[in-house]
Amino acid sequence: MTGYFLRRALGAVVVVLVLSAVVYATFYIAPGDPARLACGPRCNPEQIRQVREQLQLNDPVYVQYWHFLQGIVAGHDYSTGTGVLHCDAPCFGLSYQNNQQVTDLIIQRLPATASLATGAMAVWLLLGTGTGLLSALRRGGATERVLTWLTLAGTATPVFISGLGLLMLFCAYLEWLPFPSYVPLTDDPEQWAWNMLLPWAALGLLESAKYARLTRSSMLETLAEDHIRTFRAYGIAERSLIGRHALRGALAPVIALSAADFGSMFGNAMLTEMMFGLPGIGQLLVTSTQTIDLPVVVAVVMVTGTAVVIANIAADVLYAVADRRVALR
């Protein structure tokens, strides 16, 4: 198991390095002048030249990329109009809009996105796996047909449609919940939970449809395996057969996929954050793209990409724990 984990970790380092090179080439080497974007539309050529020197854009490309990696690992010093500003690692530079460290901007937005991803994962695991298991165990009946139609409807409904429907139903019509307004968990845990219920439901309902289909197919495949039929032939009770033998094998791919999806939520939840006004990383990416704030866009892409890589390692390890045959390959 240790060797399996080390192989995955080494591969992850290579993937992150390739990601950093692609991201840097896309945003800084592609046609365009980062110095002009950083300086603003009203700068004259002399001011743009000064900004280019401050950002070290006159250096060769490989030197600039090395400074980029060095800033992420060990921090970097930036020359400003008031002196030298040290940016602690991981340093992605300074925002073009307010000259604030990009890392601080991401740290400020991270709790909202983490809250959304964690709660949505709980919703899609409980609802999706429960629906999938019930559909598999009631195969061929009316229950399975109803659950199948509900799953298809959930898959086909975009998050902005389900989110708008939840807002209209629970906030405007029934008035059971207030319109969501993000409250940090450390300030008021109760208000944090109440205001996150609808975002959790909107995002969790969308993902639960996928998990319902995966759980159903995985459980049916597990129940058809030879060792399950052998246990059934020996007269083991159906409840014990499912709970002690079939469930673990059926949920292994579900656990692995949930870990991977949790990492991808840090970038894929932007629609939910924009709809419910959550100050998360997705919302930061949208606003930074609109203002062409390159350091923030690059940092968000790197952070979300790294989160996906780490989540996939966690998924591989969890799958190997659930199925020891994977670790031996």
Side-chain angles (χ1 to χ4, degrees), residues 19-58 61 64-65 67-68 71-72 75-82 85-88 90-117 159-160 163 180-182 184 199 264-308:
L19 173 65
S20 67
V22 173
V23 169
Y24 188 84
T26 301
F27 290 102
Y28 287 109
I29 304 179
D33 189 356
R36 184 178 296 276
L37 294 175
C39 189
R42 298 183 179 180
C43 289
N44 56 47
E46 178 61 23
Q47 292 173 322
I48 295 176
R49 185 190 63 80
Q50 293 176 359
V51 171
R52 185 175 289 109
E53 291 180 355
Q54 293 174 359
L55 297 179
Q56 300 175 329
L57 297 177
N58 293 324
V61 173
Q64 296 180 42
Y65 177 63
H67 289 159
F68 176 71
I72 296 176
H76 193 67
D77 292 330
Y78 289 92
S79 299
T80 64
T82 57
L85 175 64
H86 178 71
C87 180
D88 296 326
C91 177
F92 292 97
L94 305 178
S95 171
Y96 290 168
Q97 298 301 313
N98 51 27
N99 216 33
Q100 187 176 354
Q101 292 189 26
V102 175
T103 306
D104 294 340
L105 295 175
I106 292 179
I107 292 175
Q108 293 170 7
R109 302 296 189 106
L110 189 60
T113 300
S115 299
L116 177 61
V159 67
F160 57 86
S181 176
Y182 181 72
S264 65
M265 283 297 105
F266 285 83
N268 294 343
M270 65 178 66
L271 283 178
T272 308
E273 292 179 0
M274 295 297 292
M275 170 167 289
F276 292 98
L278 300 178
I281 292 179
Q283 189 186 76
L284 177 64
L285 177 60
V286 173
T287 56
S288 300
T289 303
Q290 293 172 344
T291 57
I292 320 181
D293 198 345
L294 285 185
V296 179
V297 175
V298 169
V300 172
V301 173
M302 284 296 301
V303 169
T304 54
T306 304
V308 171

Side chain to side chain contact (heavy atoms under 4.5 Å, CB included) test vs Leu285 passes for just one of Arg109, Met270, Glu273, namely Met270

Testing the basics here: between Thr103 and Cys91, what is the closest heavy-atom pair and its distance to 0.1 Å? OG1-CA, 3.9 Å

Rounded to the nearest 0.5 Å, the OG1 atom of Thr26 sits from the CG atom of Leu19 at a distance of 9.5 Å

To check you understand the geometry: which heavy-atom pair defines the closest contact between Thr113 and Gly280, and what is its length? OG1-CA, 3.2 Å

Going from OH on Tyr96 to CD1 on Ile292, what distance comes out if it is rounded to the nearest 0.5 angstrom? 11.0 Å

Is the backbone of Val296 close enough, under 3.5 Å, to the side chain of Ser288 for a donor and an acceptor to pair up by distance? no

Nearest 0.5 angstrom please: Cys43 SG to Ile48 CD1, how far? 6.0 Å

Going by heavy atoms in the side chains, are Leu105 and Gln100 under 4.5 Å from each other? yes

Which residues share a ring pair (Phe, Tyr, Trp, His ring centres under 6.0 Å) with Phe68, sequence neighbours left out: Tyr24

Please list every donor-acceptor pair under 3.5 Å in which a side-chain atom of residues 301-308 meets a protein atom from a residue at least two apart or in another chain.
| residue | atom | partner | partner atom | Å |
| --- | --- | --- | --- | --- |
| Thr304 | OG1 | Val300 | O | 2.8 |
| Thr304 | OG1 | Val301 | O | 3.1 |
| Thr306 | OG1 | Met302 | O | 2.7 |

Would you compute the distance between atom CG of Leu271 and atom CD of Gln283 and round it to the nearest 0.5 angstrom? 12.0 Å

Quick one: pull up CG in Leu284 and CG in Asp293 and give me the separation to the nearest 0.5 Å. 8.5 Å

Does the side chain of Ser115 reach to within under 4.5 Å of the side chain of Tyr182, using non-hydrogen atoms? yes

Could you check whether any side-chain heavy atom of Gln101 comes within less than 4.5 Å of a side-chain heavy atom of Leu94, counting everything from C-beta outward? yes

If every non-hydrogen atom of Pro279 is compared with every non-hydrogen atom of Ala112, which pair is closest and at what distance? O-CB, 3.6 Å

Report the distance from atom CG of Asn44 to atom CD of Gln50, rounding to the nearest 0.5 Å. 8.0 Å

